[in-house]
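Numbering starts at 1 and runs along the sequence shown.
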Amino acid sequence: MGTPDFAVPTLDALVDTGHELAAVYSQPPSRAGRGKKERPSPVHARAEQFGIEVRHPASLKGADEQTAFAALEADVAVVAAYGLLLPQPILDAPKHGCLNVHGSLLPRWRGAAPIHRAIQAGDEQTGITIMRMEAGLDTGPMLLKGATPVDHKTTGELHDELAQMGARLMVQALAQIDTLEAERQDDTLATYAPKISKTEAKLDFTKPAEVLEREVRAFAPFPGSWFELEGERIKLLRAELVDESGKAGTVLDERLTIACGIGAIRPVTLQRAGKPAMALDDFLRGNAISPGMSAG
């Protein structure tokens, strides 16, 4: 049970290790492009390549869908970024329940955007938790964990790393499913990772430079942090800290160093509207930058 690219490595791993997949569940195809043609999710498309039956109900709340799910007589349901609520009858149907690949070290960062929020908060490490699902939001008992340093990675880079880690850990969990000891989460340590809104992505240069640099990485590649320069909206996909100071939002030099509430940042990778991402030197070739310009 999965939908986006994050879940594809787990599906691949289940097939590669010889598990029998009774069915794949994914969110319904979206309509996109000219003519609004239906586009299957990444998991849906990969399952069809494997010749596995794909089901894509809009909801699992109805009795008919729950009966059809139970009729699979599954040993376990493997869930990775599925995106639909699993009612109690669904959770209870498989012999070993529903095991979830979650992109954080639970109980930290329960919710929709754990990778983004770990970077944004300045966490030194994050990882994957394999948990047995229950009715609460990412509150179920934990079976396995794997950790990795955040370093200076973007959400895009961590996403790909954790997707592969999650696939490996899920295969390990299934191999040890009869012997793994479940650990209850400490709810007092829980933090919530709300979905990213596009309004968050506008850079506020009154914040400290360290905070903004983390935000840039947290929102790369989506939705992409942005600012306006001389009326043009520019995405900032990677930035570096600079030991300079000035009035917040003021361009300090011809290298587009921008003063923040504390310190300054300099773009490393930018993207103009309708253009591919580019390094700072490439951007500067077509844009004359003068100290004193205002960025906001």
Side-chain angles (χ1 to χ4, degrees), residues 4-6 32-33 42 103 113-126 148-165 196-296:
D5 288 324
F6 181 81
I115 301 175
H116 301 77
R117 300 305 181 188
I119 295 173
Q120 187 180 12
D123 290 3
E124 292 186 358
Q125 67 173 4
T126 187
T148 187
V150 172
D151 289 334
H152 292 285
K153 300 167 190 170
T154 65
T155 285
E157 292 163 346
L158 266 181
H159 169 281
D160 294 349
E161 181 181 349
L162 293 181
Q164 295 295 334
M165 179 189 290
I196 302 297
S197 68
K198 289 186 178 181
T199 57
E200 290 182 77
K202 187 178 189 303
L203 290 169
D204 177 0
F205 290 108
T206 64
K207 295 179 180 179
E210 288 187 0
V211 172
L212 291 180
E213 189 274 334
R214 293 199 304 264
E215 287 186 1
V216 168
R217 286 187 289 113
F219 300 151
F222 179 83
S225 293
W226 62 275
F227 65 97
E228 288 188 350
L229 182 69
E230 299 294 297
E232 181 183 7
R233 179 165 166 161
I234 299 170
K235 274 191 176 183
L236 185 51
L237 301 176
R238 194 180 284 273
E240 62 183 356
L241 298 174
V242 180
D243 187 16
E244 298 286 350
S245 62
K247 182 182 177 182
T250 301
V251 175
L252 300 177
D253 57 30
E254 294 178 353
R255 299 288 295 169
L256 194 49
T257 302
I258 303 171
C260 304
I262 300 174
I265 60 171
R266 179 182 296 135
V268 174
T269 307
L270 311 90
Q271 185 174 14
R272 301 175 70 181
K275 303 291 183 179
M278 65 183 76
L280 176 62
D281 285 342
D282 295 327
F283 177 86
L284 292 176
R285 286 191 188 100
N287 295 272
I289 302 300
S290 302
M293 282 183 170
S294 179

Lys/Arg N to Asp/Glu carboxylate O, Glu228 vs Arg233, below 4.0 Å:
no
>> Using 30° and 60° as the class boundaries, would you call the ring planes of Phe219 and His116 parallel, tilted or perpendicular?
In response: tilted
* To do: Step by step, work out the side chain to side chain contact (heavy atoms under 4.5 Å, CB included) result for Asp281 and Arg255.
  => CA-CA 8 Å; Asp281 285 342; Arg255 299 288 295 169; 2.7 Å; yes
Rounded to the nearest 0.5 angstrom, the CG-CD distance for Leu203 and Glu215 is 6.5 Å
Scanning both residues in full, the closest heavy-atom pair of Ala248 with Gly261 reads CB-N, 4.2 Å
CG (Asn287) and CD (Glu254) are apart, to the nearest 0.5 Å, by 13.0 Å
Assess the residue pair Ile258 and Phe205 against the criterion (side chain to side chain contact (heavy atoms under 4.5 Å, CB included)); give the C-alpha distance rounded to whole Å, side-chain angles, the decisive distance to 0.1 Å, and a yes or no. CA-CA 8 Å; Ile258 303 171; Phe205 290 108; 3.6 Å; yes
Legend entry - Gln125 and Thr148 side chains, donor-acceptor separation under 3.5 Å: no
*Side chains of Phe283 and Thr269: does their closest heavy-atom pair fall under 4.5 Å?*
no
Contact between Phe227 and Lys202 at the side-chain level, heavy atoms closer than 4.5 Å - yes or no? no
- prompt: Donor-acceptor pair, Glu157 side chain versus Thr154 backbone, under 3.5 Å?
  reply: yes
Residues Pro208 and Cys260: closest non-hydrogen pair is C-CB, 4.2 Å
Looking at Asp123 and Arg117, is there a salt bridge between them, counting it only when a charged N and a carboxylate O are closer than 4.0 Å? no
Rounding to 0.5 Å, atoms NE2 (His152) and CD1 (Ile119) come to a distance of 11.5 Å
Heavy atoms of Ala201 and Gly224 approach each other most closely as CB-O, 3.4 Å
Of Thr257, Leu241, Leu256, the one forming a side-chain contact (heavy atoms from CB on, under 4.5 Å) with Ile265 is Leu241
Side-chain contact, heavy-atom cut-off 4.5 Å: Thr126 with Leu158?
yes
### Query
Does any N or O in the side chain of Lys153 come within less than 3.5 Å of the main-chain N or O of Pro149, such that one atom is a donor and the other an acceptor?
yes
On a heavy-atom basis, the closest approach of Ala264 and Ala259 is CB-CA, 4.0 Å
### Query
Between Glu232 and Ile234, is any pair of side-chain heavy atoms under 4.5 Å apart?
yes
*Please say whether more than 12 non-hydrogen atoms of neighbouring residues, nucleotides or ligands are located less than 6.0 Å from CD in Glu124.*
no
* Charged N to carboxylate O below 4.0 Å: is that the case for Asp204 and Lys207? -> no
Value for CD1 (Ile262) from OG (Ser245), rounded to nearest 0.5 Å, stands at 11.0 Å
**Message:** Run Asp5 and His159 through side chain to side chain contact (heavy atoms under 4.5 Å, CB included) and show every step you take.
**Reply:** CA-CA 9 Å; Asp5 288 324; His159 169 281; 4.3 Å; yes
Fill in: Any Leu229 side-chain heavy atom under 4.5 Å of Val251 side chain
yes
So CZ of Arg266 and CD of Glu240: to nearest 0.5 Å the spacing works out to 5.5 Å
_Donor-acceptor check, side chain of Glu213 to backbone of Arg217, threshold 3.5 angstrom: yes or no?_
no
Is it true that a side-chain atom of Asp282 and a backbone atom of Met278 form a donor plus acceptor pair closer than 3.5 Å? no
| query | Within the distance-only criterion (no hydrogens, no angle test), does the side chain of Thr155 pair as donor or acceptor with the backbone N or O of Ala218 below 3.5 angstrom? | reply | yes
Interatomic distance, NZ@Lys235 vs CG@Leu237, rounded to 0.5 Å, equals 7.0 Å
Using modelled atom types and a 3.5 Å cut-off, is there a donor and acceptor pairing between side-chain atoms of Glu200 and backbone atoms of Ser197? yes
Exercise. For the pair Val216 and Leu236, evaluate side chain to side chain contact (heavy atoms under 4.5 Å, CB included) and give the outcome as yes or no after the intermediate values.
Key: CA-CA 7 Å; Val216 168; Leu236 185 51; 3.9 Å; yes
Shortest non-hydrogen pair, Gly263 vs Ala209, comes out as C-CB, 3.9 Å
Are there more than 12 heavy atoms of other residues, nucleotides or ligands under 6.0 Å from atom CG of Asp151? yes
Could you tell me whether the side chain of Phe222 reaches within less than 4.5 Å of the side chain of Ile196, counting heavy atoms only? no
